[in-house]
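As C-alpha cells, the structure follows; a few thoughts come after it.
These numbers come from the heavy atoms of this one structure, side chains and all, not from hydrogens, waters or symmetry mates.
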Amino acid sequence: MKDNTIIVGLDIGTTKITTVIGEVAEGGTVDIIGEGTVHSEGMKRGSVVNLERATQAIRQSIQTAERVSGVKVESVFVSVAGNHAKAITSHGLAAIRRNQEIVQSDVNRAIENARAVPLDPNLEIIHTLPQEYVVDGQEGIKNPVGMHGVRLEVDVHIVAGTAGPLLNLRRCVQEAGLHVEGFALHALASGLATLEAAEQGQTVVVVDMGGGTTDVAVFKRGNLAHSACIPIGGEHVTADLAQILKIPMEEAENVKRRYGAALPELADQDLTLEITTSSGSTHAITAFELSRIIKPRMSEIFGMIRDEIDQTLGPVELVAQGVILTGGAALLRGTPELARDRFRLPVRVGRPRGIGGLTDIVAAPGFAAGVGLVLYGIGEDGRVPASIYTLHDEPRPAQPVAETPAAADLPAPAPAVPTAAKPETKPAQGLGDRIRGWFKDWM
C-alpha cells in the first residue's frame, strides 16, 4: 500500500467526470471522504476532443470533491477508456537452476519475457497484469516464489493505449494543476469495485455501460484476462429517441430515464406520454412504444459484447459463470433481464462495495470506476486488496443472481397523461416499419 493514505480517482467519461477521494486507514479499510461529479465537456468516446473544455470540467470536478472532503488534491489515478486502448495476452518463460527456489527476480524475468512482444511504436503500455503461473507443468499457481522447479511460465495481460490520446488526457489533468499518478483501464477499475468475494474464484464478465462507450472486462479467478471497448453506450439510446421523436437530447434523456425500459413488456402498459417536437407539434406515444425504440440499441450493445467474447475466448455461456452490469446506463429498467436473455447467464447489477464513508452517494453503478480507481491505487497491481473482502464482505451465493435496479436509483415517474383506452400490446409490425411510419407522420 502506498505511504500516502489519501488516494484520488478521476474517472473521465464522455457524459460525466467524477472525482472520488478515498482515505485508507490502518488495516486497509477504505473510507470515501469526497466526491465531485460534473457534466463532461470536451470528451468523445473516451478521447479528448477539446483540451480547454475538458480541462475546465476536470478542474470543476476536483474542486467539488475538495470542498466535500476538506482535502487538497495534488495527484490522481485516471481512468482510460475508448477504442484507442488495446489488450493482448502474452506468454513468458524463465528457466530456473536445478535445486534452486524460485525467487522474485525469476518471476520478474518471466514477466519481462512476456512483455517483450512487438508492439506498435505508437502504443504506450498501461498495465502488465500477470495471470496464473505454471511451474513444471503445474497450473493454477498464484505466487510461485519459494517453490522448486526448473521451468516457470506465466501469461500476462498487457494493456496499451495510443500515445496521442494518453498524452492529451495527461495534459488536461496537468493543466488542471494535478499530477497523474497512474492510468488504469476503465473496465479494470469497475471490476475492482464490484466483484464479490465468491466471484474471485470464477470467470465473470464485467460490463460497464457508460454514455459514449461500453467497457468490457473478463475476470478469471480475480485476474483481468480479457478487455475490450464497445463504441456504443447509453448516449446512443438517447440519440435514437431524440431522432425518432424529434425532441432535444436533454428531453430524450429525461424521457428515457423516467419512462423507458430495455424490454417493452416491462414498460408501464397504461402510460401514454405527450411529446412536443422541436417544431411545436404534439404527439402521443405509449411507454410500450417508447421501449420498442430503446430495445434494438440495447440488444445491439449486448450482441457486440457477445460477439467479442465468443470470437476471442469462446461461447460466453461456456466461458463465464455470470455477468455484472455496472455504469450509469445499467440502471435502465429491464437491462438485467435483457442481458440475461442475450448471454444466457446469471446477471446482476454491480455497485461499489467494501467501502465506508459516503456510501449513500457512491454506492451506485455510475461510481464503480471512480471507486475502483481508489482501490487500484492502494496496490497498483490490478487486484482488490484482501482487506476489502475480509473486512467488509458478507457471505454471498456462489453465482451472481439477477438483480434489478433499486428504486432509490431510479427517478420517480411523473404522473401519466390520462387516456381513454389502454394501448394494445399486440405484436403488430416490425420495428423498422414502425419507425418509418413515425417518420412519415411526424415530419
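Contacts of Glu66 classified as side-chain hydrogen bond (donor to acceptor under 3.5 Å, both in side chains), with partners at least two apart in sequence or in another chain: none. Contacts of Lys16 classified as side-chain hydrogen bond (donor to acceptor under 3.5 Å, both in side chains), with partners at least two apart in sequence or in another chain: Thr18. For Asn108, the side-chain hydrogen bond (donor to acceptor under 3.5 Å, both in side chains) criterion is met by Gln104, not counting sequence neighbours. For His127, the ring pair (Phe, Tyr, Trp, His ring centres under 6.0 Å) partners two or more places apart in sequence, or in a different chain, are Tyr376. Not counting sequence neighbours, the partners of Ser190 by the side-chain hydrogen bond (donor to acceptor under 3.5 Å, both in side chains) test are Asp208. For Glu265, the side-chain contact (heavy atoms from CB on, under 4.5 Å) partners at least two apart in sequence or on another chain are Leu263. The side-chain contact (heavy atoms from CB on, under 4.5 Å) check on Glu153 picks up His91, Leu93, Val134, Arg151, with sequence neighbours excluded. Residues satisfying the side-chain contact (heavy atoms from CB on, under 4.5 Å) criterion with Glu52, sequence neighbours excluded, are Asn50. Scored by the side-chain contact (heavy atoms from CB on, under 4.5 Å) test, Asn122 finds Asp120, Thr162, Ala163 as partners (sequence neighbours excluded).
Each of Val48, Ile58, Val80, Val76 was evaluated against Ile12; a single residue qualifies, Ile58, per the side chain to side chain contact (heavy atoms under 4.5 Å, CB included) test.
For Arg306, the CZ atom counts as densely surrounded, since its 6.0 Å shell holds more than 12 non-hydrogen atoms of other residues, nucleotides or ligands.
Residue pairs meeting the salt bridge (charged side-chain N to carboxylate O under 4.0 Å, His left out) criterion with at least one member in residues 157-170, sequence neighbours excluded, are Glu124-Arg170. Judged as a ring-ring contact (aromatic ring centres under 6.0 Å, His included), not a single pair has a partner in residues 156-178 (not counting sequence neighbours). Screening residues 343-372 for ring-ring contact (aromatic ring centres under 6.0 Å, His included), with sequence neighbours left out, gives Phe302-Phe343.
A donor-acceptor distance shorter than 3.5 angstrom exists from the side chain of Thr335 to the backbone of Leu332, with no hydrogens or angles considered. Here the side chain of Glu199 pairs a donor or acceptor atom with the backbone of Glu196 at under 3.5 angstrom. At least one donor-acceptor pair closer than 3.5 Å links the side chain of Arg342 to the backbone N or O of Ser299. A distance-only check finds a donor-acceptor pair linking the side chain of Ser90 to the backbone of Ala114 [under 3.5 Å]. Between the side chain of Lys256 and the main chain of Gly234, a donor-acceptor pair closer than 3.5 Å is present. Under a 3.5 Å cut-off, the side chain of Ser69 and the backbone N or O of Gly34 do not form any donor-acceptor pair.
No hydrogens or angles considered: a donor-acceptor pair under 3.5 Å links the side chains of Gln56 and Arg59. For the residue pair Ser40 / Thr14, no side-chain donor-acceptor distance below 3.5 Å is found, with atom types taken as modelled.
Arg340 and Glu337 are not joined by a salt bridge, as no carboxylate oxygen comes within less than 4.0 angstrom of a charged side-chain nitrogen. Salt-bridge check for Glu289 with Arg292: failed, with every basic side-chain N at 4.0 Å or more from each acidic carboxylate O. Arg115 and Glu112 are joined by a salt bridge, as a carboxylate oxygen and a charged side-chain nitrogen come within less than 4.0 angstrom of each other.
Val216 has its side chain out of reach of Val206: every pair of non-hydrogen atoms, C-beta onward, lies at least 4.5 Å apart.
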